[in-house]
Amino acid sequence: MIKMEEVHEQLKKWGELIITTDAGDSYEIHLGDTEFDQANRVLQFTTPEAKIVLDGDTIESVKMHFSHKISDE
């Protein structure tokens with residue numbers, strides 16, 4: 001497990017991360033739209049499908065997400 005505080009620090013440093021929970025779910029999170037509630041140990045963000053609230057202590061991995069070209073279309 002990765003502590004929620006470490007996820008927050010990495011997000012502040014990089015601005016965008018891909019996190020994976022202990023359930024195997026992966027999310028791309030962004031500094032501008034992710035909220036960390038230290039008191040309740042949750043982080044929350046909105047996707048096109050739903051508002052997500054995660055137990056901040058269920059994060060198994062963090063991957064830095066770098067800029068890249070999407071397509072030539």
Side-chain angles (χ1 to χ4, degrees):
M1 299 286 176
I2 298 173
K3 291 190 179 276
M4 187 175 84
E5 291 82 5
E6 180 61 24
V7 175
H8 194 191
E9 287 304 311
Q10 292 300 319
L11 186 60
K12 287 192 285 188
K13 180 178 178 181
W14 291 93
E16 183 174 314
L17 298 172
I18 297 172
I19 59 171
T20 303
T21 68
D22 59 1
D25 297 322
S26 292
Y27 301 93
E28 181 177 304
I29 61 173
H30 303 97
L31 184 59
D33 61 10
T34 304
E35 299 172 29
F36 288 81
D37 181 343
Q38 303 289 342
N40 292 307
R41 310 289 306 151
V42 297
L43 59 120
Q44 41 190 326
F45 52 92
T46 303
T47 69
E49 295 82 30
K51 181 163 185 150
I52 307 291
V53 179
L54 293 178
D55 179 335
D57 296 317
T58 63
I59 299 169
E60 288 283 335
S61 69
V62 173
K63 185 169 32 171
M64 295 355 166
H65 190 228
F66 296 99
S67 300
H68 58 89
K69 186 175 183 179
I70 299 296
S71 71
D72 289 327
E73 298 177 336

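Numbers here simply count residues along the sequence, with the first being 1. On a predicted model such as this, the values are computed, not experimentally measured, just so you know.
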Item to check | Rounded distance (nearest 0.5 Å) linking atom CD of Gln44 with atom CD1 of Ile52 | outcome: 10.5 Å

Next on the checklist: To check you understand the geometry: which heavy-atom pair defines the closest contact between Thr20 and Ser26, and what is its length?
Outcome noted: OG1-OG, 2.9 Å

Item to check | Co-membership, hydrophobic cluster, residues Leu31 and Tyr27, 4.5 Å side-chain | outcome: yes

Item to check | Salt bridge flag under 4.0 Å for residues Glu16 and Lys63 | outcome: no

Checklist outcome for this item: Taken to the nearest 0.5 Å, the spacing of Asp25 CG from Thr58 OG1 works out to 9.0 Å

Item to check | Validation row: Leu17, Met64 side chains within 4.5 angstrom (heavy atoms) | outcome: yes

Checklist entry - Given side chains that start at C-beta, do those of Glu60 and Ile2 come closer than 4.5 Å, heavy atoms only? => result no

Next on the checklist: Parallel, tilted or perpendicular, judged at 30° and 60°: which one describes the rings of Phe36 and His8?
Outcome noted: parallel

Checklist entry - Does the side chain of Leu43 reach to within under 4.5 Å of the side chain of Ile19, using non-hydrogen atoms? => result yes

Next on the checklist: Whether the side chain of Asn40 engages the backbone of Val42 through a donor-acceptor N/O pair (distance < 3.5 Å, no angle test) should be reported.
Outcome noted: no

Item to check | SB check Glu9 Lys12 (cutoff 4.0 Å) | outcome: yes

Checklist entry - How many angstroms lie between CG in Leu54 and CZ in Arg41, if you round to the nearest 0.5 Å? => result 13.0 Å

Checklist entry - How many angstroms lie between atom CE of Met1 and atom CG of Asp55, to the nearest 0.5 angstrom? => result 8.0 Å

Checklist entry - Quick one: do Ile18 and Ile59 end up in the same hydrophobic cluster if we chain Ile, Leu, Val, Met, Phe, Trp and Tyr together by side-chain heavy atoms under 4.5 Å apart? => result no

Checklist entry - Say you draw a straight line from OG1 of Thr46 to NE2 of His30; how long is it, rounded to the nearest 0.5 Å? => result 12.5 Å

